[in-house]
A.B. asks: 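First the structure, then my questions, so here it is.
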Amino acid sequence: YSADELDMFKLITSVSGVGPKNALAILSEFEPDNLRIIIASGDAKSLTRASGVGTKLAQRIILELKDKVGSIGGNVEAEIASVGAVSASKNAAEAVEALVSLGYSQINTYSYISPKAYDMINTPDDMRKSVKIMNPLGEDTSLMRNTTLPSIMDILSLNYKNRNATAKLYEIATEYIPNGENELPTERKVLTVGAYGKVNFYDIKGVVEETLRKLNVAEWDVEASSTEYAFHPGRTAVLTVGGKRLGVIGQIHPSVCANYDVDSEIYVAMIDFETACTNRADERVYHTLPRYPSVSRDLAIICDKDLPV
């Protein structure tokens, strides 16, 4: 162990109720510099990632060490702003792990789009406000996108035109929401998932469920919606969590697919990544396996078309 790690070990074990085993678990999860930032910023949720550290213990560690972490190592206050980046990186890694395990491939798209992109996805006039680039290379890169939908549609349509029978793609990208004339835009991280081929609404809904499960987002709701532009009015749902909009999932409207020359059903999910991460449950709940194996049966049920399922 380095001298810095030994100093942190002594500091952590000075907290009442924290033994050597807990201290080693914490130092195995976090580098000393990151640990100082987490403690100084009061980020108890991140601290509970260490094995054996619950919410109450994490809060006690922060309470007793918050004023002491600056006594060893560098300038914590100068580094504290980076704690969000540390947490976001781990959250993104967990989401990526879930998506890759489900057969989805990552894409990287530009943040700049053409004004025509809004025409392609049937964007209403009152939702086209964007940050304009003062000296763009051309019209195709003259706006900073306020939605990631045109970006993933471009890549999906490109795969379709290249005669790929199916495509399953995702990206954690940034949307730029304009503010005042002399103010910087609000940057919003959005997890965008898109697929065509052997896929339907319930497949894309299952992908979202697994990703949110991996992120430990609890108590989110799904409600059918017919007012989302660019989406099929009968095959779309809005996600909410804690009373806030979490995202939207559904089939892209056939007229939008026609704009991209795609003669196939495309399904897309757009999840506000920051809202998802801020609504993570503090602890994971595990259940024992059932004593007897479950029995599965296929049932066909005819429902009224107005009944949400």
Side-chain angles (χ1 to χ4, degrees), residues 84-85 88-89 91-92 95-96 99-100 104-164 166-196 204 228-232 245 247-277:
S89 177
N91 293 335
V96 168
L99 291 162
V100 170
Y104 282 73
S105 301
Q106 185 177 16
I107 60 173
N108 291 289
T109 60
Y110 291 112
S111 299
Y112 312 108
I113 61 173
S114 167
K116 297 178 182 178
Y118 294 132
D119 295 327
M120 298 287 284
I121 61 171
N122 298 342
T123 308
D125 292 338
D126 60 344
M127 301 185 71
R128 297 190 179 209
K129 187 178 179 181
S130 305
V131 177
K132 296 181 179 180
I133 307 300
M134 293 184 63
N135 298 300
L137 296 176
E139 184 186 34
D140 289 346
T141 56
S142 60
L143 299 180
M144 299 184 73
R145 64 190 175 197
N146 66 14
T147 173
T148 58
L149 185 55
S151 301
I152 197 165
M153 285 298 297
D154 283 339
I155 306 302
L156 287 169
S157 63
L158 180 62
N159 277 267
Y160 181 81
K161 292 170 185 176
N162 287 335
R163 299 184 180 181
N164 291 321
T166 184
K168 296 181 177 180
L169 309 173
Y170 76 89
E171 180 181 25
I172 300 177
T174 305
E175 295 178 343
Y176 299 87
I177 312 304
N179 294 311
E181 184 176 351
N182 297 317
E183 297 181 23
L184 293 173
T186 300
E187 298 184 20
R188 182 170 62 197
K189 290 289 185 184
V190 176
L191 170 61
T192 311
V193 181
Y196 71 82
I204 202 75
E228 300 294 317
Y229 77 92
F231 285 86
H232 193 297
R245 180 184 171 102
V248 59
I249 57 175
Q251 180 186 338
I252 296 299
H253 199 284
S255 65
V256 175
C257 291
N259 291 339
Y260 285 91
D261 296 324
V262 175
D263 187 21
S264 178
E265 293 182 357
I266 293 179
Y267 291 87
V268 169
M270 301 172 66
I271 306 300
D272 188 323
F273 197 65
E274 293 174 359
T275 298
C277 293

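Predicted, not measured: the structure shown is a model, and the values here were computed from it. The analysis underlying the following values was restricted to heavy atoms, covering all of them including side chains, and did not include hydrogens, waters or symmetry mates. Nothing fancy with the numbering, it's 1 onward along the sequence.
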A.B. asks: Any side-chain heavy atom of Tyr112 within less than 4.5 Å of one from Arg145?
C.D. replies: no

A.B. asks: Quick one: are Asn122 and Asn259 in side-chain contact, heavy atoms under 4.5 Å?
C.D. replies: yes

A.B. asks: When rounded to the nearest 0.5 angstrom, what is the spacing between OG1 in Thr148 and CD1 in Ile113?
C.D. replies: 10.0 Å

A.B. asks: Is there side-chain contact between Thr141 and Ile133, with at least one heavy-atom pair below 4.5 Å?
C.D. replies: no

A.B. asks: Measuring from Ser105:OG to Ile155:CD1, what's the distance to the nearest 0.5 Å?
C.D. replies: 12.5 Å

A.B. asks: Is the shortest side-chain N to carboxylate O distance from Lys189 to Glu274 below 4.0 Å?
C.D. replies: no

A.B. asks: Within this structure, what is the OG-CD1 distance for the pair Ser151 and Ile121, rounded to the nearest 0.5 Å?
C.D. replies: 9.0 Å

A.B. asks: To the nearest 0.5 Å, what is the distance between OG on Ser111 and CE on Met144?
C.D. replies: 6.0 Å

A.B. asks: Among Asn146, Thr123, Thr147, find the residue that satisfies the side chain to side chain donor-acceptor pair (under 3.5 Å) test when tested with Tyr118.
C.D. replies: Asn146

A.B. asks: Do Leu149 and Val268 make a side-chain contact, defined as non-hydrogen atoms from C-beta onward lying under 4.5 Å apart?
C.D. replies: yes

A.B. asks: Go through Arg188 and Thr174 one step at a time and tell me if the side-chain contact (heavy atoms from CB on, under 4.5 Å) criterion holds.
C.D. replies: CA-CA 5 Å; Arg188 182 170 62 197; Thr174 305; 6.0 Å; no

A.B. asks: Within the supplied structure, the quantity of interest is the number of heavy atoms (other residues, nucleotides, ligands) at a distance under 6.0 Å from Lys161 NZ; does it exceed 12?
C.D. replies: yes

A.B. asks: Would you mind reporting whether Pro150 and Tyr260 have side-chain heavy atoms less than 4.5 Å apart?
C.D. replies: yes

A.B. asks: Quick check on Tyr110: does its OH atom have over 12 non-hydrogen neighbours (other residues, nucleotides or ligands) under 6.0 Å away?
C.D. replies: no

A.B. asks: Closer than 3.5 angstrom, by distance alone: can the side chain of Glu171 be matched with the main-chain N or O of Thr109 as a donor-acceptor pair?
C.D. replies: yes

A.B. asks: Could you check whether any side-chain N or O of Tyr196 sits under 3.5 Å from a backbone N or O of Tyr160, counting only pairs where one atom can act as donor and the other as acceptor?
C.D. replies: yes

A.B. asks: Would you say that Met270 contacts Glu228 through its side chain, given a criterion of any heavy-atom pair below 4.5 Å between the two side chains?
C.D. replies: no

A.B. asks: Supply the atom-to-atom distance Asp272 CG to Cys277 SG, rounded to the nearest 0.5 angstrom.
C.D. replies: 9.0 Å

A.B. asks: Does the pair Ser157 and Asp261 meet the rule for a side chain to side chain donor-acceptor pair (under 3.5 Å), with working shown?
C.D. replies: CA-CA 7 Å; Ser157 63; Asp261 296 324; over 6 Å; no

A.B. asks: Please examine the side chains of His253 and Phe231, heavy atoms only from C-beta on, and report whether any two atoms are closer than 4.5 Å.
C.D. replies: no

A.B. asks: Please round to the nearest 0.5 Å and tell me the distance separating atom CG of Leu184 and atom CD1 of Ile177.
C.D. replies: 14.0 Å

A.B. asks: Looking at Arg128, is its backbone amide N or carbonyl O close enough to the side chain of Ser130 to form a donor-acceptor pair, meaning the two atoms are under 3.5 Å apart?
C.D. replies: yes

A.B. asks: Can you tell me if Asn162 has over 12 outside heavy atoms packed within less than 6.0 Å of its CG?
C.D. replies: yes

A.B. asks: Are Leu156 and Val262 close enough, and set up right, to give a side-chain contact (heavy atoms from CB on, under 4.5 Å), and what steps lead you there?
C.D. replies: CA-CA 9 Å; Leu156 287 169; Val262 175; over 6 Å; no

A.B. asks: Do Val256 and Ile266 touch side chain to side chain, with heavy atoms closer than 4.5 Å?
C.D. replies: no

